[in-house]
Amino acid sequence: MDNDSVATAYTTVDGDFAAELEIKRSRFITYLRRVDSEAAARALVAELRKKHFDARHHCSAFILGPDRTAMRSNDDGEPSGTAGIPMLDALAKRETAPGTTDLSDIAAVVVRYFGGILLGAGGLVRAYSESVSTALDAAPLLRRERLRILGVDADYAAAGRLENDLRAAGIQVLGTEYGPRLATLRVALNDQAPVLAAFADRLASLSAGASTAINLGTEWVDVR
């Protein structure tokens with residue numbers, strides 16, 4: 001994941017999700033998936049072409065990267081501009097918080113089974129946009145943040161208690177690695193000086209000065 005991005009946080013879908021609408025006898029089945037590459041997005045389309053081999057269209061849109069630098073869409077045989085672009089707009093313009101449009105690392109595929117009634121260009125735009133929007137209304141979303149990762153060394157005997165105490169204080173512990181002599185807790189914090197200073201004070205208090213934190217850089221972390 002890009003650690004050189006301007007963004008420090010964004011929102012994505014939590015795994016896979018599917019929803020279905022029927023509009024004038026046509027079935028519109030929307031699939032949402034968290035993806036981290038164009039190849040993964042295209043793999044979803046290929047997967048659904050096999051699963052729904054008898055469907056008329058498999059239209060798609062995806063957004064990638066913390067700064068949303070990659071946005072693509074495909075009409076898959078629908079009249080130009082009536083499917084992929086409305087789907088992409090529904091993803092790109094989705095507010096994940098008031099005034100915030102930061103949805104990314106997400107692919108949407110709408111599988112359409114034609115019901116025999118022509119919708120017209122305007123009807124198709126509304127149908128594909130509504131299909132994605134309706135799926136997003138119900139889909140589980142999660143926040144990703146670029147956080148400072150610290151390594152905290154502790155004796156084996158103290159590591160479990162220290163991890164519990166840090167979690168109880170609301171600090172995100174990503175895991176514990178056990179080395180030949182010491183255990184190292186990987187802690188994720190907001191990358192701001194006051195937050196890091198407060199953590200150093202809390203760590204000194206919890207460990208009676210026995211543990212210190214080592215800067216391990218930054219990572220993108222799921223914040224649930």
Side-chain angles (χ1 to χ4, degrees), residues 1-17 30-45 59-75 81 83-110 128-129 132-133 135-152 166 169-175 185-203 213-224:
M1 181 60 70
D2 182 8
N3 282 329
D4 296 323
S5 67
V6 174
T8 58
Y10 67 98
T11 303
T12 190
V13 65
D14 192 4
D16 287 12
F17 185 80
T30 300
Y31 291 86
L32 303 175
R33 175 175 291 177
R34 177 177 174 180
V35 294
D36 60 5
S37 67
E38 187 167 337
R42 298 197 185 285
L44 174 61
V45 178
C59 305
S60 59
F62 61 84
I63 301 176
L64 298 174
D67 296 320
R68 311 208 295 179
T69 49
M71 296 188 183
R72 305 283 188 274
S73 65
N74 189 291
D75 293 315
I85 290 177
M87 292 170 59
L88 185 58
D89 282 347
L91 295 176
K93 296 177 181 178
R94 165 63 51 148
E95 287 197 359
T96 58
T100 300
T101 52
D102 66 352
L103 195 61
S104 193
D105 283 358
I106 184 171
V109 178
V110 177
Y128 280 99
S129 176
V132 174
S133 293
L136 287 171
D137 286 343
L141 302 179
L142 63 83
R143 187 84 169 155
R144 281 177 60 76
E145 296 181 1
R146 188 172 62 197
L147 300 177
R148 177 64 56 184
I149 309 301
L150 301 178
V152 178
L166 290 174
I171 295 166
Q172 189 164 6
V173 181
L174 301 181
L185 284 67
R186 296 180 71 249
V187 176
L189 296 169
N190 187 291
D191 194 18
Q192 295 181 356
V195 174
L196 298 175
F199 173 76
D201 290 343
R202 182 177 292 274
L203 178 61
I214 301 170
N215 180 14
L216 300 178
T218 61
E219 290 181 13
W220 286 95
V221 177
D222 292 350
V223 181
R224 300 178 185 274

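Listed by chain and number, the residues in a side chain to side chain contact (heavy atoms under 4.5 Å, CB included) with T69 are D67 (sequence neighbours excluded). In this structure F62 satisfies the ring-ring contact (aromatic ring centres under 6.0 Å, His included) test with no other residue, sequence neighbours excluded. For D222, the salt bridge (Lys or Arg N to Asp or Glu O under 4.0 Å) partners at least two apart in sequence or on another chain are R34, R144, R224. Taking T30 as the reference, L32, V110, S131, V132, A135 meet the side chain to side chain contact (heavy atoms under 4.5 Å, CB included) condition, with sequence neighbours excluded. Looking at residues two or more places apart in sequence or on another chain, you find no side chain to side chain donor-acceptor pair (under 3.5 Å) involving R72. The side chain to side chain donor-acceptor pair (under 3.5 Å) test applied to D102 returns T11, T96, R143, not counting sequence neighbours. The side chain to side chain contact (heavy atoms under 4.5 Å, CB included) test applied to L166 returns L162, I171, V173, L185, V187, F199, L206, not counting sequence neighbours. Taking R94 as the reference, D137 meet the side chain to side chain donor-acceptor pair (under 3.5 Å) condition, with sequence neighbours excluded. Every salt bridge (Lys or Arg N to Asp or Glu O under 4.0 Å) that E38 has, sequence neighbours left out, goes to R42. Under the side chain to side chain contact (heavy atoms under 4.5 Å, CB included) criterion, V35 pairs with R33, A40, A41, L64, A107, not counting sequence neighbours. R202 is linked by a salt bridge (Lys or Arg N to Asp or Glu O under 4.0 Å) to nothing, counting only residues two or more places apart in sequence or in another chain.
Here CG of D105 is found 9.0 Å from CH2 of W220. Values are rounded to the nearest 0.5 Å. Note that CD of E145 is 7.0 Å distant from CG of N190, once rounded to the nearest 0.5 Å. Rounding to the nearest 0.5 Å places CG of D14 at 8.0 Å from CG of L141. Atom OG1 of T8 and atom CG of L147 lie 9.0 Å apart (nearest 0.5 Å). How far OH of Y10 is from CG of L142: 8.5 Å, rounded to the nearest 0.5 Å. Separation of atoms CG (L136) and CD1 (I106) is listed at 5.5 Å; rounding is to 0.5 Å.
Under the 4.5 Å side-chain criterion, counting only non-hydrogen atoms from C-beta, I63 is not in contact with L103. M87 is listed as a side-chain neighbour of C59, based on a closest heavy-atom distance under 4.5 Å.
The two residues S129 and A90 come nearest to each other via the heavy atoms O-CB, 4.0 Å. Considering every non-hydrogen atom in both V221 and I149, the closest pair reads CG2-CD1, 4.2 Å. Counting all heavy atoms, side chain and backbone alike, A108 lies closest to L91 at CB-CD1, 4.1 Å. The shortest non-hydrogen separation linking G81 to D75 is N-OD2, 2.9 Å. Residues A61 and G84 share a closest heavy-atom pair of CB-O, 3.9 Å.
Judged purely by atom type and a 3.5 angstrom limit, N74 has no side-chain atom pairing as donor or acceptor with the backbone of S60.
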